[in-house]
Every structure is written in C-alpha cells, then in structure tokens.
Amino acid sequence: MARFIDELKRTHSCGELRLDDAGADVVLMGWVARARDRGGVVFVDLRDRAGITQVVFDKQGDEALFAVGQELRSEYVLAVRGTVRDRGDMKNDKIPTGAIEVLAAEATILNVAKPPVFPIQDEVNATEETRLAHRYLDLRRPVLQKNLQMRAQAYHAARNALHEQGFLEVETPFLVKYTPGGARNFLVPSRASGKFYSLAESPQLFKQLLMVAGFDRYFQIVRCFRDEDLRGDRQPEFTQIDLEMSFVAQDDVFAVCEKLVFRLWKEVLGVDLSEKYPDGTFPRLPFAESMRDYGNDKPDRRFELRHVDLTALTVAHDGGGIGLLAPIAAKFRDGTYREELPEEIVKAIRVPAAHPLSRKQIDELEGFVKQMGAAGLGRAKIDAGGAWAQSPFAKQVTDGFRAAVNEACGAQDGDVLLFMFGGEQLVHTAMANLRLELGKRLGLIPKVGSGGEWELLWVVDPPLFERGEAPGSWVAAHHPFTRPHDACIEHIATDPGTVLCHRYDLVLNGVEIAGGSIRLHDSEVQRKVFSAIGLSEEDAKEKFSFLLEGLSHGAPPHGGIAFGFDRLVMLLTESESLRDVVAFPKTARGNDLLTGAPGPVDERQLSELKIRSID
RNA sequence: GGGACGGUAGUUAAGUCGGUUAUAACGCCGGCCUGUCACGCCGGAGGCCGCGGGUUCGAGUCCCGUCCGUCCCGCCA
C-alpha cells in the first residue's frame with residue numbers, strides 16, 4: 001500500500017479524463033462502483049466524488065495484477081496506475097469519461113468492503129430508514145455528493161456576499177439562558193443543582209445586543225435548535241444565515257437580502273435572476289392579501305388558482321339559501337363576528353374547464369382536505385347559463401347568490417367551483433393545501449422542485465398580534481419586540497387585532513426561506529405592546545431581563561432577518577426533503593439512526609447532574 | 001397531542017378467505033466466459049414475517065398493546 005499512498009499520488013479524479021488525455025500515465029484512487037469479470041478481461045467502474053472512470057485489467061498482462069482485478073468487489077477501495085486509452089468504437093456515451101478507459105499497469109486494493117447494504121446509485125431503492133442507518137453509504141450516492149457540494153458553494157457565496165457588504169461575522173453562544181415563549185427549547189443540565197442551560201433556538205437576543213454594542217452590521221451562519229415536532233422541511237437542529245443591521249428601515253434589509261439571493265443563484269446555479277427581476281428587487285405582497293388569495297403567508301405564485309373569499313357575499317345574501325351557510329351569515333349580522341377579523345369564512349377555488357375534474361377526483365380531494373380536519377368539500381360544476389350541477393347546494397341556493405358567486409369567481413361554462421367554510425384557520429389551511437395539491441395534480445407545478453421557475457416575493461405587513469387561547473386575549477404573533485406601523489400604535493390598546501407590523505418573510509415557490517423584522521427600540525411603545533398581551537412591567541422584566549436592560553442603554557433603531565439555509569439549499573438542489581441536504585440528519589421523531597442518539601446515560605452521570613428519571 | 005400509511009431474506013417488494021414446504025427480483029457465494037458498461041450463462045446459500053400479548057386445532061395473515069419509519073393537522077419561523 002505504501003507504494004501507492006506514499007510514492008504514487010493521485011494524478012486525476014475519476015471524473016476528468018477525456019480523449020485528449022489518451023496515452024497519459026495516470027494514477028486514480030476511488031471505490032469500485034461495479035466490476036464486470038468477462039473471464040479474460042475485467043472491467044471496473046472506479047468512482048470518486050467527481051465521477052466514474054472505467055479501468056481495465058487484461059489477462060494477457062501481469063498475472064498477479066490480473067488476480068487483483070478478479071478479486072475486486074463492490075465498494076472496495078482501489079488504487080490504480082495505468083495508461084489512458086482511446087475506447088474508439090467501444091466508447092460509452094452515458095458517462096462523461098466514456099471515450100477513454102485506463103488500462104491497469106499496477107494496482108492495489110487499499111481496503112476491502114462488506115457488500116453494500118444497498119446499491120450506491122442515484123435511483124433510490126432503499127427506504128429512508130436503511131439509508132439513514134448507513135448514512136456513510138447513502139452519502140456516497142452521486143446525488144447527495146452533489147447536494148453537499150452545492151451546499152458548500154452556498155456557504156461560500158453567502159459569506160463573500162455579506163463580507164463585501166460590510167457585515168461582520170460574530171459567533172454567539174449555543175448554551176444560553178432559558179427564556180420562555182416561542183419554540184420549545186432543548187435543555188442542557190448543568191452540575192449546579194436544578195439549573196439548566198438551553199440550546200439557543202436562534203441568536204435573536206444576542207444579535208440585538210450586538211447592535212446595542214455598536215456592531216452595526218452582523219451576520220453569522222449558525223446552527224439553531226428547536227425541540228418541536230419535525231417535518232420533511234424541519235430538523236431539530238438547522239442552519240440559518242442570520243443577520244442584523246442598525247440604522248435601517250425595512251427597505252434597507254430587503255436590499256441586502258436581494259443582493260444575497262441574486263449572488264447565491266448566480267454562483268451556485270449560474271442563474272441570473274435579473275432577467276426575471278430586472279430592477280434587482282422582489283415583489284411585495286401584503287400579508288392580508290396573501291391570506292385572502294392563497295390562504296397562507298407563503299404563497300406559491302408559479303400558478304394561479306387563487307382563492308375567492310365569499311364571506312362578505314354570504315353575509316349579504318344571508319347564506320344564499322344554503323342551510324350550512326345561514327348560521328355563519330347570522331353571526332356576522334348579530335355582531336358576533338366582525339368582518340375585519342372574521343372567525344369563520346367562506347372560500348372557493350375555481351378550477352377552469354381546461355382542467356376537468358371527475359367526480360372521483362373531487363372525492364379524492366375531499367378526502368385530502370378531510371385529513372386536515374375539514375368537514376367536507378363543497379362543489380359545483382357550472383352548466384350553461386350558470387346553473388350548478390353535480391352539487392348538493394344546487395337545490396338550495398338562491399338564484400341571486402348563485403349568480404353573485406359565479407361572478408365573484410369568474411366562473412365560465414364547464415368550470416368547477418370547490419368550496420369550504422368554517423373556522424378561519426381551518427379553512428385557510430385546508431384551502432391553501434388544496435390549492436397546492438390542485439397545482440400538482442393539474443400539472444401546473446412539478447411535484448418536486450422548481451420546474452426552472454423561481455418565484456420570489458416578500459410577504460409584508462402582517463398583524464403584530466394574534467388571538468390567544470383565552471377568549472378575547474392576544475399574544476404576539478412573532479415576538480413582542482417587533483416594531484408596529486406608526487399609524488397603528490394608537491390601536492395597540494384599543495384594537496390589537498388590527499395592528500400591523502414591520503415583519504417580513506421572503507418566500508420562494510411556496511417555501512418561506514427567510515423571515516425577520518424591524519425591532520422595537522422605543523420603550524414607550526414596548527410597554528404598550530406588553531400591556532396588550534397582558535404582560536406587566538414586572539413580568540416583562542422577569543422574562544426578558546437582559547434584553548430589556550440592554551435595549552435601555554442606547555439601542556439604535558435596528559432590524560434583521562434570518563434565512564433558513566437548509567431550505568435554501570433544498571430549493572437550490574431541487575431536493576424533496578431537508579434530509580437530502582444535511583449530511584447527518586435526524587428522523588421525523590428526532591432520532592439519529594446512525595449513532596442511536598438520543599440514548600440513555602448511566603446513573604453516575606445522571607447523579608452528577610442531580611437528575612433522576614421519573615419513569 | 002391527533003390522524004393516515006408502512007415494517008416479510010443483505011436490499012426492495014408479493015403473499016388470496018387464517019391452512020400445513022413463505023415467493024420473486026436485485027445483491028451475495030461457487031463455476032464458466034477477452035469488450036463489458038444494469039454484462040451474460042449454470043449452480044447454491046440465505047428468514048426472530050419489528051417486538052409483546054391474545055383469539056384459534058392452526059396466525060406473516062384476525063384483535064389489543066408497543067417500538068420504529070414516512071406524511072398531514074396541531075406545534076414550530
């Protein structure tokens with residue numbers, strides 16, 4: 001072995017040799033992707049992260065050398081020296097190196113390998129469970145190699161872009177003081193009895209203190225920890241590009257982010273976003289419009305199929321003869337519900353006649369929304385003259401309401417209208433997901449990936465407060481340090497539900513890739529906000545002591561944002577899951593199948609931490 | 001916390017109405033083959049049917065519980 005590692009160094013990767021190299025003496029090292037023993041000749045596909053090159057062992061040469069070739073099995077680690085040879089008519093058009101092969105002159109098996117648990121190839125034919133348990137094999141697959149390479153390019157581009165814009169990279173602690181509210185924290189026991197650190201769910205508080213300290217423009221590519229239930233696009237530890245700026249308004253933050261995104265797309269994908277966004281900015285959509293038209297705050301605008309809000313029409317027509325809608329209309333009439341802050345709503349989606357839906361397909365869609373808790377999915381097919389067919393509402397609906405609904409939806413002959421009504425959140429969630437499902441089923445967007453379209457937008461001006469669990473109570477929608485719109489400050493005490501704020505999300509193809517806010521540095525407004533969410537001055541001091549104390553020592557106006565880096569890479573690589581862009585991810589239950597974390601620890605260690613298990 | 005689907009050979013899957021020897025493909029092992037490239041041909045080995053309990057003359061199959069994986073709602077920025 002020493003001859004190869006110590007004397008003969010790799011001259012090329014397995015992906016770079018071409019016809020021009022014919023005749024060259026080269027040294028390759030890599031893994032055996034496949035060995036084909038033809039009796040008198042052995043062909044080996046040698047793989048490293050750059051690609052695959054065919055190596056040939058010929059029986060007519062050295063006998064011992066040929067024996068090495070015959071011993072080779074999948075995933076053996078091989079070093080080979082040989083001559084690059086033109087394959088002529090025998091070339092393989094499927095791989096970039098297919099015009100040549102390397103005729104082995106000298107070879108050593110650097111290491112043997114057990115047969116791979118699953119084949120190392122892009123077409124996944126192993127379950128997620130198997131792949132994660134043998135992640136080092138999974139990561140050998142070319143797709144994942146490519147994903148992590150692109151991830152590395154993204155780190156690099158982001159750092160350069162921010163350094164060039166005058167940002168200072170500062171690290172902040174992971175082991176932090178527990179603060180209530182927001183995401184559940186992972187706790188880390190300390191040896192001091194009964195005391196715990198918390199793993200930082202984000203550097204939020206520290207970056208604001210860095211602004212107080214005068215660092216002006218901060219960024220960090222930083223791991224964050226949240227002990228919440230997981231999804232394909234959520235890991236318990238994940239990476240953010242976190243940044244904060246002083247003396248800025250919302251537009252200043254946007255400008256920095258837009259430059260950053262342009263840079264990432266240019267350097268990672270070679271895509272020039274200025275073709276789509278010539279003035280270098282992304283469109284902005286008010287939160288309220290996003291909810292109205294798409295049912296969520298992260299609309300995928302690669303396709304239409306917008307929601308039509310029929311709540312006001314329903315009220316105007318007293319339910320339009322439809323038994324299920326009448327009680328909702330009545331509650332608006334008697335003042336139980338306010339039109340500005342409706343607790344129940346009625347919405348529709350119009351599916352154009354160009355995309356016909358069968359009864360069976362609509363039933364499937366109803367099943368789809370029911371699994372989100374919806375009672376059902378109303379439907380009506382538009383017949384000649386605007387009549388409703390194939391609809392349980394057809395017999396009840398008044399002519400006036402039907403005509404008004406048809407007009408509001410822009411319904412044409414042959415279109416299908418799909419309806420939902422009920423609690424605002426449920427209808428929004430189910431209808432938002434229904435819209436996406438329709439988009440995929442009707443082929444308006446691909447099931448996975450961008451389809452080459454990059455629809456970026458800012459969702460702006462969301463409400464500062466949302467309803468709390470107790471009736472009539474309000475809680476901070478994001479966190480209570482977000483700056484309200486100046487015009488709304490007078491309503492904080494009287495009508496919290498109508499207060500909008502300087503919070504913003506950057507959305508790409510229906511995925512939230514960044515979110516941030518302009519922070520509240522005015523302590524008088526801060527007091528009003530705390531009061532609206534039922535937090536006394538003492539409570540606030542207790543909960544947020546060090547931040548409030550810090551802000552009182554001359555905090556500049558400041559604001560910032562954090563990009564979900566993993567999600568960004570997921571989109572850049574057209575991946576389906578965050579697990580495909582994280583080297584060692586955890587499962588939906590937060591387990592690491594490779595190492596077995598989380599695992600038990602022995603009693604001695606527990607007692608050192610003064611911890612006892614109660615079950 | 002709630003729901004849906006899944007767990008059978010190393011891997012991926014089939015397994016009918018509960019019925020006696022649990023299938024297939026790929027992989028693996030042995031043999032043959034000088035132009036393969038998903039090589040081919042011949043032969044072979046390989047099983048805690050996730051785990052625990054129950055029903056039954058009999059359970060991969062039915063019931064209960066549990067663990068694990070994926071997805072959705074809640075939760076989470």
Side-chain angles (χ1 to χ4, degrees), chain A residues 33-45 52-61 66 69-70 73-75 85 87-95 97-98 101 103 114-121 123-134 137 181-185 201-202 204 224-236 238 240 242 297-298 367-374 425-426 429-430 432-433 436-437 459 462 477-479 482 503-507 511-517 561-564 567 576-577 579 586-591 593 596:
Chain A
R34 201 165 253 122
R36 293 175 293 276
D37 185 347
R38 291 291 282 101
V41 63
V42 176
F43 299 99
V44 175
D45 293 340
I52 283 182
T53 298
Q54 174 164 291
V55 176
V56 186
F57 292 83
D58 196 314
K59 198 171 191 171
Q60 282 180 344
F66 187 68
Q70 286 195 304
R73 296 291 179 271
S74 291
E75 303 310 315
R85 193 158 78 170
R87 286 175 68 173
D89 292 345
M90 302 312 301
K91 69 173 189 268
N92 180 357
D93 293 325
K94 291 178 194 164
I95 56 174
T97 61
E101 63 191 7
L103 178 62
K114 289 183 183 172
V117 176
F118 49 87
I120 311 304
Q121 59 192 25
E123 307 79 55
V124 183
N125 62 347
T127 56
E128 197 91 22
E129 207 170 349
T130 311
R131 290 171 50 200
L132 290 176
H134 301 275
L137 292 179
R184 184 187 300 123
N185 293 309
E201 60 185 79
S202 78
Q204 183 64 38
C224 303
F225 306 87
R226 289 178 194 161
D227 189 9
E228 293 291 346
D229 288 343
L230 307 174
R231 292 289 156 77
D233 62 350
R234 275 192 237 155
Q235 282 278 308
F238 60 97
Q240 289 188 340
D242 188 48
D297 60 353
K298 45 174 188 173
F368 178 78
V369 295
K370 275 185 170 172
Q371 85 186 30
M372 276 165 271
Q425 196 199 335
L426 174 66
T429 301
N433 285 324
L436 286 173
E437 181 69 11
V459 174
H478 186 63
H479 62 63
T482 303
R503 206 184 94 207
Y504 32 81
D505 287 341
L506 181 57
V507 177
V511 179
E512 182 210 311
I513 58 168
S517 62
I561 194 165
F563 284 78
R567 285 186 188 173
E576 195 167 356
S577 161
R579 292 185 296 272
K586 292 182 176 57
T587 68
R589 284 182 212 196
N591 293 319
L593 298 183

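Quick note on labels: first sequence line is chain A, next is B, and so on, each numbered from 1. The structure displayed is predicted, hence computed values, not measured ones.
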Find the distance [X]:[atom1] to [N]:[atom2] and express it as a whole number of Å.
| X | N | atom1 | atom2 | answer |
| --- | --- | --- | --- | --- |
| Phe66(A) | rU36(B) | CZ | C1' | 13 Å |
| Arg34(A) | rC37(B) | CZ | P | 11 Å |
| Arg38(A) | rG31(B) | CZ | P | 17 Å |
| Phe118(A) | rA13(B) | CZ | P | 14 Å |
| Phe43(A) | rU36(B) | CZ | P | 7 Å |
| Arg589(A) | rC5(B) | CZ | C1' | 12 Å |
| Leu593(A) | rC67(B) | CG | P | 16 Å |
| Asp93(A) | rC37(B) | CG | P | 14 Å |

Checklist entry - Could you write nucleotides 72-77 of chain B as a row of B, S and -, 5' to 3', where a protein heavy atom under 4.0 Å of any base atom gives B, of only sugar-phosphate atoms gives S, and otherwise -? => result SBBBBB

Please report the interatomic distance [atom1]([X]) to [atom2]([Y]), rounded to the nearest 0.5 Å.
| X | Y | atom1 | atom2 | result |
| --- | --- | --- | --- | --- |
| Gln235(A) | Leu230(A) | CD | CG | 6.5 Å |
| Phe57(A) | Phe43(A) | CZ | CZ | 12.0 Å |
| Phe225(A) | Glu201(A) | CZ | CD | 12.0 Å |
| Glu129(A) | Asn591(A) | CD | CG | 10.0 Å |
| Arg131(A) | Leu137(A) | CZ | CG | 11.5 Å |

Identity of whatever pairs with [N] - Watson-Crick or G-U, under 3.5 angstrom:
| N | value |
| --- | --- |
| rG43(B) | rC29(B) |
| rU34(B) | none |
| rG6(B) | rC68(B) |
| rC62(B) | rG54(B) |
| rA13(B) | rU23(B) |

Taking the same atom, [atom1], in [N] and in [M], what whole-Å distance lies between them?
| N | M | atom1 | value |
| --- | --- | --- | --- |
| rG27(B) | rU12(B) | C1' | 11 Å |
| rG35(B) | rU11(B) | P | 36 Å |
| rA24(B) | rG15(B) | C1' | 11 Å |
| rG18(B) | rG58(B) | C1' | 8 Å |
| rG44(B) | rC5(B) | C1' | 38 Å |
| rC49(B) | rG7(B) | C1' | 10 Å |
| rC57(B) | rA45(B) | P | 37 Å |
| rC62(B) | rU8(B) | P | 16 Å |

Item to check | Touch class at under 4.0 angstrom, heavy-atom based, for Arg85(A) against every strand present | outcome: base

Checklist entry - Across the strands shown, which category fits Asp227(A) at heavy-atom distances under 4.0 angstrom: base, sugar-phosphate, nothing? => result nothing

Item to check | Neighbour count >12 (heavy atoms, 6.0 Å) for atom NZ, Lys586(A) | outcome: yes

Checklist entry - How about Glu437(A): does its CD atom have over 12 heavy atoms from other parts shown lying under 6.0 Å from it? => result yes

Checklist entry - After noting the C-alpha distance and the side-chain angles of Asp45(A) and Arg36(A), does the key distance pass the salt bridge (charged side-chain N to carboxylate O under 4.0 Å, His left out) rule? => result CA-CA 9 Å; Asp45(A) 293 340; Arg36(A) 293 175 293 276; 3.0 Å; yes

Item to check | Nearest-nucleotide comparison on RNA chain B, the residue closer to the 5′ end among Arg36(A) and Pro119(A) | outcome: Pro119(A)

Just N and O in the side chain of [X]: are any of them under 4.0 Å from OP1 or OP2 of [N]?
| X | N | answer |
| --- | --- | --- |
| Lys91(A) | rG35(B) | no |
| Asn125(A) | rC26(B) | no |
| Thr127(A) | rU11(B) | no |
| Thr130(A) | rU12(B) | yes |

Next on the checklist: Of the listed nucleotides (rG35(B), rA38(B), rU34(B)), which one gets closest to any side-chain atom of Lys94(A)?
Outcome noted: rA38(B)

Item to check | Under the side chain to side chain donor-acceptor pair (under 3.5 Å) test, residues paired with Asp505(A) that sit two or more places apart | outcome: none

Next on the checklist: Distance criterion of 3.5 Å, no angle test: do you see the side chain of Arg73(A) paired donor-to-acceptor with the base of rC29(B)?
Outcome noted: no

Item to check | Side-chain donor/acceptor of Gln60(A) to base of rU34(B), under 3.5 Å | outcome: yes

Checklist entry - Going through the checks in order, is the salt bridge (charged side-chain N to carboxylate O under 4.0 Å, His left out) test met by Glu228(A) and Arg234(A)? => result CA-CA 9 Å; Glu228(A) 293 291 346; Arg234(A) 275 192 237 155; over 6 Å; no

